[in-house]
Amino acid sequence: MPELPEVETVARSLEKGQGSEAGILNQKIIKAEVDWAKSVATPSLRLFKSRIKNQRVLRVGRRAKYIHIQLSEDALLVHLRMSGDLLIGRQPEDLGKYSRLRIYFDSGQILSFNDARKFGRVWLIKDPSEIYAGLGPEPLGKDLSNDDFYLALQKRKRQLKPLLLDQSFIAGIGNIYADEALHAAQLHPLSIANQLTRADADRLLQSIRVVLEEAIRRNGSSIDWSYKGGEFQNQFAVYQKTGEECPRCGEKILRIVVGQRGTHFCKNCQALL
DNA sequence: AGGGAAACCCGAACGC
DNA sequence: TGCGTTCGGGTTTCCC
């Protein structure tokens with residue numbers, strides 16, 4: 001399992017306080033309860049409940065947007081999608097009305113997967129490499145050099161916005177951070193990847209890192225009612241700022257739709273290449 | 001290969 | 001007050 005800085009998803013899951021993952025370390029699972037069957041992507045519900053029993057938590061990490069909870073026999077992977085959260089409590093009734101799945105430990109602690117919109121999924125799997133197989137490099141850490149990134153961009157004739165959201169190209173960037181990183185790098189979301197100069201590519205990778213690291217530091221973004229712990233929304237330059245002034249040049253922020261995703265940018269400082 | 005669209009979800013925020 | 005509609009997040013799947 002990769003040892004990497006946490007991204008938004010982990011920051012969100014751990015919002016109850018640093019070390020909440022340490023609170024379940026080495027503990028033994030005694031049972032699992034599942035209210036929303038579809039939240040278990042694999043295996044079958046029956047197998048999930050029987051197989052997870054008696055396993056211990058060895059470590060907690062992350063790959064792309066997956067939280068990786070390594071158990072004695074299997075890996076428990078959690079993808080929060082947009083409204084998911086991981087909470088730890090001692091009473092089921094403290095876990096809120098959107099608790100979809102609960103894992104009980106012998107210590108009396110309960111790990112709850114909450115998800116108002118039922119988009120998130122968990123996997124209990126011996127070898128998670130098949131799930132990780134299609135993922136691109138991590139933008140944080142040393143996984144990706146400036147050379148690698150420039151070369152990868154050169155090979156693609158694709159608009160930057162959908163490319164940044166493509167988890168097989170680069171892992172871990174969501175819609176908010178794609179818009180913010182492109183603005184920070186002064187690149188138009190519709191510019192074509194192989195048109196970027198080396199300097200553009202360097203600036204883009206640097207911007208992705210700055211944006212993600214700052215977002216992690218601020219526990220992610222709270223953009224609606226479903227997650228309240230984040231602070232990064234207070235730093236948005238363009239995301240959901242349609243019609244407001246660009247913090248760099250004062251031009252009005254525009255909103256377009258690219259690949260069915262809302263896309264916010266400043267046409268003055270993000271010129272189309 | 002790349003792009004577009006639909007499907008999966010549901011509470012909030014709107015319009016009437 | 002109460003209906004109906006739209007929205008948006010990430011991913012997969014299908015189709016051009």
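In what follows, every chain begins at residue 1, and chains take the letters A, B, ... in the order their sequences are listed.
Separating the CZ atom of Phe236(A) from the C1' atom of dG8(C) is a distance of 13 Å, rounded to the nearest angstrom. Regarding Leu160(A), its CG atom lies at a distance of 14 Å from the C1' atom of dG2(B), rounded to whole Å. Between the C1' atom of dG10(C) and the CE atom of Met82(A) lies a distance of 9 Å, rounded to the nearest Å. If you take CH2 of Trp123(A) and C1' of dT12(C), they are 11 Å apart, rounded to a whole angstrom. Straight-line distance from the CG atom of Leu164(A) to the P atom of dT11(C): 13 Å, rounded to whole Å. Going from atom CZ of Arg261(A) over to atom C1' of dG10(C) covers 6 Å, rounded to whole Å. For Asp115(A) and dC8(B), the CG to P distance is 16 Å, given to the nearest whole Å. Whole-Å rounding puts the Lys161(A) NZ to dG8(C) C1' distance at 12 Å.
With Arg203(A) contributing its side chain and Ala184(A) its backbone, the two residues share no donor-acceptor pair below 3.5 Å. Side-chain N or O atoms of Arg63(A) include none that pairs as donor or acceptor with a backbone N or O of Tyr132(A) at under 3.5 Å.
Leu187(A) and Leu272(A) fall into different hydrophobic clusters, defined by Ile, Leu, Val, Met, Phe, Trp and Tyr side-chain heavy atoms under 4.5 Å apart, directly or through other members. Under a hydrophobic-cluster definition in which Ile, Leu, Val, Met, Phe, Trp and Tyr are linked whenever side-chain heavy atoms come within less than 4.5 Å, directly or via other members, Tyr150(A) and Ile170(A) are assigned to different clusters. There is no path of hydrophobic side-chain contacts, each under 4.5 Å, that joins Trp123(A) to Phe119(A).
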Could you write out each protein N or O paired with an N or O of nucleotides 3-7 of chain B at a distance under 3.5 Å?
unit_1	atom_1	unit_2	atom_2	d
dG3(B)	OP2	Arg158(A)	NE	3.1
dA5(B)	N7	Gln260(A)	OE1	2.8
dA6(B)	N7	Gln260(A)	OE1	3.3
dA6(B)	N7	Gln260(A)	NE2	3.0
dA6(B)	N6	Gln260(A)	OE1	3.3

Identify the pairs formed between an N or O of the protein and an N or O of nucleotides 10-12 of chain B at a distance under 3.5 Å, and give each distance.
unit_1	atom_1	unit_2	atom_2	d
dC10(B)	OP1	Lys118(A)	NZ	2.8
dC10(B)	O2	Arg117(A)	NE	3.4

Please tabulate the protein-to-nucleotide N/O contacts below 3.5 Å involving nucleotides 14-16 of chain C, giving atom names and distances.
none

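One finds no side-chain N or O of His79(A) lying less than 4.0 angstrom from the OP1 or OP2 phosphate oxygen of dG10(C). For Arg156(A), a side-chain nitrogen or oxygen approaches OP1 or OP2 of dG2(B) to under 4.0 Å.
Contacts between residues 147-155 of chain A and DNA chain C, counted as heavy-atom distances below 4.0 Å, involve no residue at all.
Within the 4.5 Å cutoff, side-chain heavy atoms of Gln159(A) are placed close to those of Ile192(A). Considering only heavy atoms from C-beta on, Pro43(A) comes within 4.5 Å of Leu124(A) through its side chain.
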Evaluate side chain to side chain contact (heavy atoms under 4.5 Å, CB included) for Leu80(A) paired with Asp115(A), printing each intermediate quantity in order.
-> CA-CA 8 Å; Leu80(A) 300 174; Asp115(A) 189 9; over 6 Å; no
Gln235(A) and Arg218(A): CA distance, side-chain angles, deciding distance, side chain to side chain contact (heavy atoms under 4.5 Å, CB included) verdict | CA-CA 10 Å; Gln235(A) 318 264 121; Arg218(A) 297 183 177 270; 3.2 Å; yes
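For Gln55(A), the side-chain hydrogen bond (donor to acceptor under 3.5 Å, both in side chains) partners are Asp74(A), not counting sequence neighbours.
Side chains of Lys252(A) and Asn268(A): a donor-acceptor N/O pair is absent below 3.5 angstrom, by distance only. Residues Ser129(A) and Asp127(A) have side chains that bring a donor and an acceptor to within less than 3.5 angstrom of each other.
Summary of helix geometry: the two end axes of the helix from dG2(B)-dC16(C) to dC16(B)-dG2(C), each defined by five base pairs via their C1' atoms, are inclined to each other by 50° (rounded to 10°).
Using a 4.0 Å cut-off between charged nitrogen and carboxylate oxygen, Lys267(A) and Glu251(A) count as a salt-bridge pair. Remark: Arg217(A) does not engage Glu231(A) in a salt bridge, criterion side-chain N to carboxylate O under 4.0 Å. Using a cutoff of 4.0 Å between basic side-chain nitrogens and carboxylate oxygens, Arg198(A) and Asp147(A) are scored as salt-bridged.
Taking all atoms of both residues into account, the shortest heavy-atom contact from Ile67(A) to Leu86(A) is CD1-CD1, 3.9 Å.
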